[in-house]
J.: 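Please find one structure pasted underneath; my questions will follow.
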Amino acid sequence: MSHPLTASLNPQQRAAVELPAEHALILAGAGSGKTRVLTTRIAWLLSTGQISPAGLLAVTFTNKAAKEMLARITAMMPLNPRGLWVGTFHGLCNRMLRLHHRDAGLPAGFAILDSQDQLAAIKRAMKTLNADDERYPPRSIAQYINGNKEAGIRAAQAQAWDEYSRTQRMIYAEYESQCRREGVVDFAELLLACYELLERNEPLRTHYRSRFKHILVDEFQDTNQLQYAWLKLLTGPDSALFAVGDDDQSIYAFRGARVGNMLDFQKDYEVKHVIRLEQNYRSHGNILNAANAVIEHNRDRLGKQLWTDDDAGEPIRLYEAATDSEEAGFLVDEISAQQRDGIALDEIAILYRSNAQSRIIEHALVAAGLPYRVYGGLRFYERQEIKHALAYLRLIANQDDDNALLRVINFPTRGIGNRTIETLTDTARISGSSLWQAACSAGSGRSAAAVGRFVLMIENMHVQAQGMALPDLINMVLSVSGLYEFYQNEKEGEERLANLNELVSAATRFVTEDENNLVAFLANASLEGGEHAAEAGEAAVQLMTIHAAKGLEFHSVFLTGLEEGLFPHDNSLSDPKGLEEERRLMYVAMTRARRRLFISLSQSRMLHGQMRYAPASRFLNEVPDTLLKYLNRGYAPNSFGSSSTSSTSDWYAPPTTPRHLETPDHGLAIGMKVRHPKFGLGVVLNHEGGSNGNIQVDFGQLGTKWLAVAYAKLEAVKG
DNA sequence: GACGCTTTGTTTTTT
DNA sequence: ACAAAGCGTC
């Protein structure tokens with residue numbers, strides 16, 4: 001007899017949901033109902049009375065996933081979501097550290113540094129030490145610090161063998177004490193501080209270990225070393241750790257994710273229950289077979305083979321363009337055709353390997369009047385004007401936050417220049433105090449008067465803020481600081497003003513949903529980046545990197561830029577593990593498509609201001625030819641795969657305009673013989689853009705070249 | 001202290 | 001190509 005919650009699940013899914021309270025690893029392939037299993041398990045545990053809501057801890061990687069999980073659980077049963085320990089690693093650690101800030105040795109209102117803030121803080125620490133920022137680029141120092149923290153290593157324990165590593169360690173130590181002095185923590189610190197709190201404080205650890213009877217982890221393949229260690233610390237002798245993941249979708253190794261945690265977990269806990277979810281409910285057979293064929297080229301796998309009951313569906317369509325703009329043109333034509341077929345635009349996604357590729361696609365979409373939305377890029381809380389506003393708010397909450405003070409002490413400008421700031425920094429350094437304290441005791445003089453006015457302004461804000469509602473407080477800060485005025489007078493300031501008003505709205509929402517608490521609002525801003533501020537609105541084509549597409553699905557997916565050097569990316573090839581990660585990325589990209597998958601590539605591409613020519617991606621060779629339909633022949637013969645025998649059925653008509661077949665205004669048509677002053681005789685293979693555009697010529701022994709028609713001085717040759 | 005010019009570095013990114 | 005950040009001048 002099956003429980004009503006699990007009645008509609010397949011046998012593997014049901015088995016996973018109804019597992020006894022023991023450690024389990026669920027290997028859940030793409031589109032196999034992973035989130036459903038996780039949330040149903042939670043609902044099942046609660047509804048069968050096996051645990052109370054307080055005994056549950058569920059952790060995910062992103063805020064979006066956490067929200068989705070909460071929404072699904074509360075849809076299945078009435079619960080107060082606030083009492084639940086469901087959230088991201090960072091969110092839960094933040095919560096625990098705030099509850100026990102005294103034990104953790106942190107001030108009650110500790111601020112959270114985002115990556116930008118962290119970099120600025122590192123630069124300051126390096127200045128204090130007079131460290132050479134050319135030999136020690138702040139970015140690499142950030143990597144060093146975060147890498148160490150993720151391995152649980154403090155500056156005092158860091159190994160150093162030579163002068164270089166000793167300096168790195170020294171900077172790390174300085175940064176550590178600077179953060180402690182200012183009462184701020186970075187992202188990695190949230191996890192490490194929480195880990196250390198539990199490790200050091202035995203009563204607290206025992207409390208949580210016996211409290212959380214069931215710990216469930218989503219996207220386990222994305223956890224790093226420290227996150228796994230944190231989970232181990234929280235899992236008591238009577239607790240069950242339920243981990244869901246897919247090693248084939250591990251695409252974040254480059255930032256510390258450790259797929260090896262899945263194997264370690266099996267070993268460390270002698271996991272008896274390993275369940276594979278291999279039935280895919282998302283994609284048509286051809287898409288799935290193609291994705292399987294690609295991922296099989298990876299050696300480092302736990303092993304899993306997705307299958308579907310669905311029919312084969314359409315073949316995967318392949319388009320090879322001569323230029324990136326032609327590729328964009330293909331996307332526009334094809335998407336327009338699908339729109340005419342009645343496919344909703346937000347069910348169509350254009351995916352790319354790197355953000356730089358979006359620009360030219362956006363151009364084409366704008367020109368065609370197709371609405372689109374780009375994901376990624378600059379987030380709401382990362383915008384300059386928002387960071388400025390938040391810095392004032394942080395100063396109200398904690399005057400010792402030097403990062404915040406430096407950001408706004410002279411913005412808008414109020415006569416406090418670098419010289420004055422250096423004096424303040426020196427004073428602070430000598431007395432071991434914060435910049436704020438140094439500013440309060442600034443002597444006399446013209447610049448000191450300006451500093452005095454700044455101190456007075458912040459103190460005023462601080463006094464006024466007491467008992468004020470958050471949105472009013474923010475409005476007050478924006479006026480008193482002069483930020484409103486500054487952006488009103490700025491020529492292109494309208495959007496920034498709108499964003500500042502959006503910040504007030506965000507605070508209004510926050511107050512109704514959560515609480516009227518400045519510190520909580522600031523923590524939320526650091527942790528959430530402000531994705532929710534992204535406007536919904538009309539249906540639009542979805543543009544994003546493949547990384548951003550993980551976890552999503554679309555009716556039609558356009559996978560672009562399948563060229564060597566771009567995808568797989570050059571920088572990943574030096575390391576054999578890098579190529580496998582790129583291949584997993586390819587796997588993730590393909591499995592986003594439910595019904596239609598298009599793959600495109602271009603022979604040439606504008607990159608860093610230079611035209612780059614690249615052969616087709618090796619991944620294309622890994623897709624069985626039988627699953628492919630070539631929309632056009634590659635211009636360069638055998639540029640990839642074995643030459644295809646594409647089907648001649650006419651169920652599909654390529655919608656592209658035959659622009660490369662028309663005789664252009666310069667009179668050099670494809671197939672014509674031409675003479676170049678330097679390269680000699682050649683044959684025109686392709687061209688784009690007419691007289692002001694480019695032309696591709698095969699010069700035989702000298703190779704095939706793209707030339708600017710206007711400068712190449714090509715001469716047509718008879719015969 | 002503010003402004004404009006040169007230099008530089010551009011995979012992926014959540015928290 | 002392009003943006004941000006650093007540098008030198010007024």
Side-chain angles (χ1 to χ4, degrees), chain A residues 59-66 87-94 112-120 123 133-134 137-139 143 146 149-150 185-192 194 219 222-224 226-227 250-257 324 351-360 363 375-379 381-382 384 409-422 446-447 450 523-531 544-551 561 565-575 578 581-582 584-586 588-589 605-612:
Chain A
V59 59
T60 65
F61 225 76
T62 65
N63 290 300
K64 205 171 144 204
T88 63
F89 281 100
H90 293 85
L92 295 176
C93 285
N94 176 48
I112 301 169
L113 302 183
D114 67 19
S115 318
Q116 280 180 46
D117 301 331
Q118 185 191 33
L119 201 63
K123 284 180 186 164
D133 60 0
E134 296 221 331
R139 284 185 169 281
Q143 279 195 333
N146 293 334
K149 286 192 178 183
E150 278 164 18
V185 300
D186 57 45
F187 286 134
E189 183 68 27
L190 277 177
L191 293 164
L192 183 53
C194 188
E219 306 275 18
D222 285 339
T223 53
N224 64 34
L226 182 54
Q227 286 159 340
S250 159
I251 54 176
Y252 286 113
F254 72 93
R255 64 165 197 223
D324 44 5
L351 307 183
Y352 33 79
R353 176 67 179 83
S354 65
N355 282 307
Q357 289 166 252
S358 80
R359 182 184 305 270
I360 192 154
H363 271 297
Y375 289 82
L378 200 56
R379 303 251 266 308
Y381 287 114
E382 285 171 358
Q384 178 209 132
I409 191 167
N410 199 36
F411 192 95
T413 52
R414 47 176 72 92
I416 304 174
N418 287 335
R419 199 58 185 278
T420 313
I421 291 171
E422 263 171 42
R446 206 156 45 95
S447 56
N524 179 268
S526 294
L527 291 173
E528 292 221 5
E531 259 337 87
M544 63 191 88
T545 62
I546 302 167
H547 284 90
K550 195 170 88 159
L566 193 60
F567 191 22
H569 196 278
D570 272 333
N571 296 4
S572 67
L573 298 178
S574 50
D575 164 23
E581 177 144 318
E582 293 285 307
R584 291 194 293 270
L585 204 49
M586 178 74 180
V588 168
R605 190 176 291 279
M606 211 43 148
L607 209 65
H608 310 325
Q610 275 201 316
M611 196 60 99
R612 297 233 325 202

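Each chain gets a letter, A, B and so on, in the order the sequences are listed, and its residues count up from 1.
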J.: Return the value, rounded to whole Å, for the distance between atom NZ of K149(A) and atom P of dT15(B).
T.: 18 Å
J.: Does F61(A) reach the side chain of K550(A), with side-chain heavy atoms less than 4.5 Å apart?
T.: no
J.: Between atom CZ in F61(A) and atom P in dT13(B), what is the gap in whole Å?
T.: 14 Å
J.: Would you indicate what T223(A) reaches in the nucleic acid, counting non-hydrogen atoms under 4.0 angstrom: base, sugar-phosphate, or nothing?
T.: nothing
J.: Can you tell me how far P of dA3(C) sits from CD of Q384(A), to the nearest Å?
T.: 15 Å
J.: Is any side-chain N or O of T62(A) closer than 4.0 Å to OP1 or OP2 of dT13(B)?
T.: no
J.: Side chains of L113(A) and S526(A): closer than 4.5 Å at any heavy-atom pair?
T.: no
J.: Tell me: CD of E150(A) to P of dT13(B), nearest whole Å?
T.: 17 Å
J.: Taking only the side-chain heavy atoms of R359(A) (C-beta and beyond), determine which of dT14(B), dT15(B), dC2(C) contains the nearest atom.
T.: dC2(C)
J.: With a 4.5 Å cut-off on side-chain heavy atoms, are R353(A) and T545(A) touching?
T.: no
J.: Mind checking N63(A) for me? I need base, sugar-phosphate or nothing, with any heavy atom below 4.0 Å counting as a touch.
T.: sugar-phosphate
J.: Side chains of Y352(A) and I546(A): does their closest heavy-atom pair fall under 4.5 Å?
T.: no
J.: Whole Å only: how far is the CG atom of L119(A) from the C1' atom of dT15(B)?
T.: 16 Å
J.: Pairs under 3.5 angstrom, nitrogen or oxygen only, protein versus nucleotides 5-7 of chain C, please.
T.:
none

J.: Grab the N/O contacts between the protein and nucleotides 2-12 of chain B below 3.5 Å, and write none if there aren't any.
T.:
unit_1, atom_1, unit_2, atom_2, d
dA2(B), OP1, T413(A), OG1, 3.1
dA2(B), OP2, N410(A), ND2, 3.4
dT11(B), OP1, N571(A), ND2, 3.4
dT11(B), O4', H569(A), NE2, 3.3
dT11(B), O2, R353(A), NH1, 3.3
dT11(B), O2, R353(A), NH2, 2.2
dT12(B), OP1, N355(A), N, 2.9
dT12(B), OP1, N355(A), ND2, 3.4
dT12(B), O4', R353(A), NH1, 2.8
dT12(B), O2, R353(A), NH2, 3.0

J.: Got Q227(A) and H90(A) here, is their nearest side-chain heavy-atom distance under 4.5 Å?
T.: yes
J.: What's the NZ-P distance between K550(A) and dT15(B), to the nearest Å?
T.: 12 Å
J.: Can you check the M544(A) CE to dT13(B) P distance for me, whole Å?
T.: 11 Å
J.: Crowded around R612(A) CZ? As in, over 12 foreign heavy atoms under 6.0 Å?
T.: no
J.: When you compare the side chains of S115(A) and Q118(A), does any donor N or O come within less than 3.5 Å of an acceptor on the partner?
T.: no
J.: Please state how far atom CD in Q116(A) lies from atom C1' in dA4(C), giving the value in whole angstrom units.
T.: 12 Å
J.: Sequence neighbours left out, what passes side chain to side chain contact (heavy atoms under 4.5 Å, CB included) with D114(A)? Give chain and number order.
T.: Q116(A), D117(A), F187(A), K387(A)
J.: May I ask you to test the Q357(A)-D324(A) pair for a side-chain heavy-atom distance under 4.5 Å?
T.: no
